[in-house]
Each structure stands twice: as structure tokens, then as C-alpha cells.
Amino acid sequence: MTEPVLPAAAGPEPHPDQPWLRLDKRMLLVHPVTEVVKFIPVLIGSVILGTSSGNHGWSVITLALIVGFALTRWFTTTYRVGPTHIELRTGLIQRKKLSVPRSRIRSVDIEADLLHRALGLAVLAIGTGQHAESREKFKLDALDARVVPGLRAALLAHTATANAVAGSPVLHSAYPADILRKCLPENVSEDLPTPRSAREIGHWHASWVRYAPLSLTGFAIIAPVVGLAFQFGLGQTLFNSNAVHNIEHGSAVFLAVAGVLLLVAIVIVVSLTSCARYLTTYFGLRVLDDGRTLQLRRGLFTTRQTTLDRARFRGATVNEPLLLRLAGAGELEAIMVGDNPRQKILPQAPRAAVEHTLAQLLAPRAAGAEVGPSELGTTPLAAHGPVAHRRRHSRALLPVLLVVIALLIVSLAGVEYSAWWWLLPAVMAIIAPALAEDRYRGLGHAVLPAADSSPTWLITRAGSLDRDRDCLEAPGVIGWTVRQSFWQRRAGVASVVAASAAGKKRYLVIDIPLDRAWSLIDSVTPGLLGAR
């Protein structure tokens, strides 16, 4: 028997007489189905083996083994919730025990697919803010859906001391105490916190699906499928077909039309794939804030409820890829400490909706006070000056110069090549200045000084094809690096890197004058520089 135990804080273990509880009996109807779906390739192999050998019992035996294995999970899975720890025991042949200190719990997520929802069940997953392999994750599959919200509140009750902030009453529901007592020990259920009200700071609209094709997600889904198809002979079959030979013997017009039609077909398929993924993942999204946790609820077929501890919240990032930016849209991510440092709050959405949720998310708060507007989303950013502007253009034109030099070397070497190759640097020379100008316009930073209950904020923005505007609170900065390359030293500029344990870990302010770099650091974290 192996007993991997997650890192624990010092404290008493659950009482040895604490009863071990089982999952809901209705899981006996869920796990056979999920295991059969998981082992479909094995079932197909057993059917082929049975057909070739003339003994069709192989498929029946395989199916019975899979279903039997799934049924044993109910008998071999137990859990218990104590005043200091929550424990889980699983396994038939190899027994495994997971123990999580309740003080280390940072997130409790709820998930339910169609089958779970039909049976009134849900899956509860516990996160401790540390990376864990899938087999080491603490997951209760499945519990009565009515008891899960109360159990989640009990497991996150310790976060109240870190962020005891009241919100305006929008949502309020009582926990089913009679059902909770069946799943929680008496000494835990008696201390269950009073349900807190939560305010909605963002929600999803069906019209936002129009922004889904403007990301590269669809291409990421379609590309492996197309590559696999070509690997198994689709390309050879296509190129050897009579239709392709007829086009090859035709005029160039047919080739051009065929290429355009193929491109249109790819765009349509990718767009439909992106829209389908967007709908299934983010349908009905609501972002709720009760002062000490953020709660995300979303999903069409499989519903998910993610809880984020505000004590691990360090800021937010507005992601603006080029196509989304041209359409007046963007995405919003939370900067968190832990195993999910970049948690998406809003998917592709109109810029106004992103800015509204950002303001609500980062607005200064005081205990018992109403949430006021935030300037973080609309504050003007300081430009980085003519040197940064010149460096953006020189860096963009450098690849063009390298391509021209390569073509000249090939020509001087006497190698013949088509003159059409000179179109490559010509096109690059047209695109490079526009790209460089957009990169400079996207470059900027700002520092918002502390006021009332709000800390100092560092805001930095960079990028063109993929532009991010990061809003990082000063307490989240754990160190600074002022970096200068050879060419930066000659130009008198530097890149400042703010190190953090959250989000991307490194937040850059690129190509600012060296004297401004030191004043930037001192304005965000006064006194950290000391004597230079």
C-alpha cells in the first residue's frame, strides 16, 4: 500500500475514530459508462480479435472486466473530513491515501457532465496551489450535487480570515443541512459558515461567439487532425485522383480558383470549430465575487464551477491579439499565485465588457464599503521615447536586410533561382514598418500610487501580434532586474523586469531610458533599491 501525502502544515491529524464516508451510490451508474468510453479502443480490439478467432466471447469478457473494475471504485473509495485535514483512500490492488491540510486548500472546483447532471451528481476537486500529477489530485467523483456547495464553503472557510470583505447582496442560497450531515462529520457540519452573498462582476452573452474565429484556437484543433489524415495517406490519394490531374492539365485560373476555394473551406471549418469550442466551454459564464473568493461558472454540456482564493490574487492581464484588437475585443486573465497562475476570467469579449470586469476586479475595497470605479483599465500609459521607437523599426527591418543579403550571396555564388524570390523581401519591407509602428504604439507603462485601501499598481503593455496589458500590484513584486544588451547600452535604454511568484513570473517594461528605470522601481517598491 502506498500513501502519498500532500505537503502538510503542522497540526493534529484527524481523530482516528473519525468515520470514513463513501461516495454517492449513484456513481455506480456513472463510472461503468465513463470507463467503457475510455476503453473504446480496447473494446474495438477485442471485437476484432473475437471476429478473427471465431470466439465472440472475447468482447463480452473484456466488457465485463471493464464494468467490474468501474464498479469496484465505489467499494474501494472512501473519504473523511476532519477539523484539520481531508483524506481520500482509493485503489483495489494498490491502495493509495491522499491527505490535504484544510489550511492549504486554495481552490475547490465543481464539475458535472451531462450524465452527472442527469443523476444529480457533481465532481469536487481540491487544489492546494501546488502542481500535482493527475493521479495525485484530490477529487471526489461523485457526490450529491446538493451537498457540494456547502462542502466547498466548509473547505474554504479559512479564507475568510485572509479576505473578510462584504459584497452587495445578489445571490443567496441556504445549504441543505440534512444532506450535509450525511457527508460531513458532526463536528465539521456544526461549524459550517453562514452562506455569503456574492455580486456578479461579469457574465457571458451569446453574441460574443462572433469573436471566437478571431483566435488561433480553431487552427490548433484542426491542424493535428489534418496532419494525421495526411500521415495515413490522404495526401497521396488526393494528389493521385483524376480531379487533381484534370486541374493540373488545365489553365492557371483553375489552379488559382482551387487554391482560393481550399483556403475558404479551411477558414470555414476553423471558424465553425472555434465557435463550437467557444460555446461548449463558456456558455452561461458568470463571474461572481463574494469578497474572499472569485467564482466562475460556465459550460454547456459539462458545467464547471471554479473557485479562486482572493488571497492569491495579484492582478489581471488584458490580452489583445491583433485580430481581436481590430474587432474591438479582448480577453481577461487573473494573475494568481499557485498551480493555475493565469486563470481566464473572460474569453473573447467586447472591449467594454472586458474593461468593466477589470474595473470591478481591481477596484479598491474597504471592509463594508461599496466598490468604486478603477482607473487601471483606462489610465494613460507613458511612451518610451524616440529611442524605443527607432529600435522597433530597426529590429523589424533587420530580417528584411538578412534576406536581401542571403539572396545576393546566392547570386554571387552563381546559383540560379527564380526572380520571384525577390518578392519575399519586397513584401517584408512593406509589412515591417507597419508592424514596427504598431509595436511602438502598444509599448507603454504607468505606475498608480497607493490610495486608501488600494496598493501601488504597475501597469505595463507590449506586443503587436499578441499584445498584453498587465496590471500587477506592488505586493506581488518580489524582485527587480535591470537588463541592458550591447545595443541597449549604446542607446542608453534598458529593460526592467519585475519578478513575481504569480502569473507569467516576469513582467517587462521594455526599452525605457536608463534614468527612468531606477525611478520606476523606486515608485513601485519604495526603499527596495537602497543605496546604489
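Every value quoted in this text rests on a predicted model; they were computed, and no experiment measured them.
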Quiz item: Considering only heavy atoms from C-beta outward, does the side chain of I105 approach that of F138 to under 4.5 Å?
Solution: no
Practice problem: Mind running side-chain contact (heavy atoms from CB on, under 4.5 Å) on V447 and L520 for me, showing each step along the way? | Solution: CA-CA 8 Å; V447 177; L520 168 67; 3.3 Å; yes
Self-check item: Test applied, side chain to side chain contact (heavy atoms under 4.5 Å, CB included); reference residue, L324; option that passes from R351, E331, R467
Solution: E331
Quiz item: Would you say the side-chain atoms of T280 pair up with the backbone N or O of R277, donor to acceptor, closer than 3.5 Å?
Solution: yes
Exercise. Determine the minimum heavy-atom distance between R292 and D290, stating which atoms define it.
Key: N-OD1, 3.1 Å
Quiz prompt | Gap between atom OG1 of T317 and atom CD1 of I345 - 0.5 Å precision | solution = 10.5 Å
Practice problem: Check side-chain hydrogen bond (donor to acceptor under 3.5 Å, both in side chains) between R483 and all other residues, then give those that pass, not counting sequence neighbours. | Solution: none
Quiz prompt | Contact summary for L346 and A353, nearest pair of heavy atoms | solution = CD1-O, 3.8 Å
Quiz item: For the residue pair I335 and C471, what are the closest heavy atoms and their distance?
Solution: CD1-O, 3.8 Å
Quiz prompt | Name of the residue among D309, T306, I201 meeting side chain to side chain contact (heavy atoms under 4.5 Å, CB included) with L294 | solution = I201
Exercise. Please round to the nearest 0.5 Å and tell me the distance separating atom OG1 of T273 and atom CD1 of I268.
Key: 11.5 Å
Exercise. For the residue pair Q348 and R210, establish whether any side-chain heavy-atom pair is separated by less than 4.5 Å.
Key: no
Exercise. Side-chain contact test, heavy atoms from C-beta onward, threshold under 4.5 Å: evaluate it for T460 versus L472 and give yes or no.
Key: no
Practice problem: State which residues pass side-chain hydrogen bond (donor to acceptor under 3.5 Å, both in side chains) with K504; sequence neighbours excluded, sorted by chain then number. | Solution: D468, D470
Quiz item: Checking S274 side chain against V270 main chain: does a donor-acceptor pair fall under 3.5 Å?
Solution: yes
Exercise. Calculate, to the nearest 0.5 Å, the distance between atoms OG1 and CZ belonging to T293 and F313 respectively.
Key: 13.0 Å
Quiz item: Under 6.0 Å from the CH2 atom of W422, do we count more than 12 heavy atoms belonging to anything else shown?
Solution: yes
Practice problem: Find out whether D141 and H116 are in side-chain contact, i.e. whether some heavy atom of one side chain is under 4.5 Å from a heavy atom of the other. | Solution: yes
Quiz item: Around atom CZ of R441, are there more than 12 heavy atoms of other residues, nucleotides or ligands at under 6.0 Å?
Solution: no
Quiz item: Do the side chain of R516 and the main chain of P513 share a donor and acceptor less than 3.5 angstrom apart?
Solution: no
Quiz item: So H389 and Y440, would you call those rings parallel, tilted or perpendicular, with 30° and 60° as cut-offs?
Solution: perpendicular
Quiz item: Would you say the side chain of H384 lies within less than 4.5 Å of the side chain of V493, judging by non-hydrogen atoms?
Solution: no
Quiz item: From L448 CG over to W457 CH2, what is the distance, rounded to the nearest 0.5 angstrom?
Solution: 9.5 Å
Quiz item: Does T307 use its side chain to pair, donor to acceptor, with the backbone of V108 at less than 3.5 Å?
Solution: yes
Practice problem: Go through D511 and Q488 one step at a time and tell me if the side-chain contact (heavy atoms from CB on, under 4.5 Å) criterion holds. | Solution: CA-CA 8 Å; D511 284 350; Q488 282 180 317; 2.7 Å; yes
Quiz item: Which residue pairs pass the side chain to side chain donor-acceptor pair (under 3.5 Å) test when at least one of the two sits in residues 407-416, sequence neighbours left out?
Solution: S411-Y417
Quiz item: Roughly how far apart are R304 CZ and R297 CZ, rounded to 0.5 Å?
Solution: 15.5 Å
Quiz item: Under 3.5 Å, side chain of R461 to main-chain N/O of G442, donor-acceptor pair present?
Solution: yes
Practice problem: Identify the two heavy atoms, one from S523 and one from T456, that lie closest to each other, and give their separation to 0.1 Å. | Solution: O-CG2, 3.8 Å
Quiz item: For Y278 and W208, what are the C-alpha separation, side-chain angles and deciding distance, and is it a side-chain contact (heavy atoms from CB on, under 4.5 Å)?
Solution: CA-CA 9 Å; Y278 187 87; W208 293 359; 3.3 Å; yes
Exercise. For residues P213 and C275, report the shortest heavy-atom separation together with the two atoms involved.
Key: CG-SG, 3.8 Å
Quiz item: Can you tell if the side chain of E200 reaches within under 4.5 Å of the side chain of L288, non-hydrogen atoms only?
Solution: yes
Quiz prompt | Value rounded to 0.5 Å, distance of CZ in R152 from OG in S107 | solution = 10.5 Å
Quiz item: Does S464 offer a backbone N or O that forms a donor-acceptor pair with the side chain of R325 under 3.5 Å?
Solution: yes
Quiz item: Do L326 and L214 pass the side-chain contact (heavy atoms from CB on, under 4.5 Å) test, and can you show the C-alpha distance, the side-chain angles, and the key distance before you say yes or no?
Solution: CA-CA 10 Å; L326 294 177; L214 301 180; over 6 Å; no
Quiz item: Looking at side-chain heavy atoms only, is the closest gap between P347 and T281 below 4.5 Å?
Solution: no
Quiz item: Shortest non-hydrogen contact from L279 to L300?
Solution: O-CB, 3.7 Å
Quiz item: Taking atom types as modelled, is there a side-chain donor on R314 or S500 under 3.5 Å from an acceptor on the other?
Solution: no
Quiz item: Would you call T357 and Q360 a side-chain contact if the rule is heavy atoms closer than 4.5 Å?
Solution: no
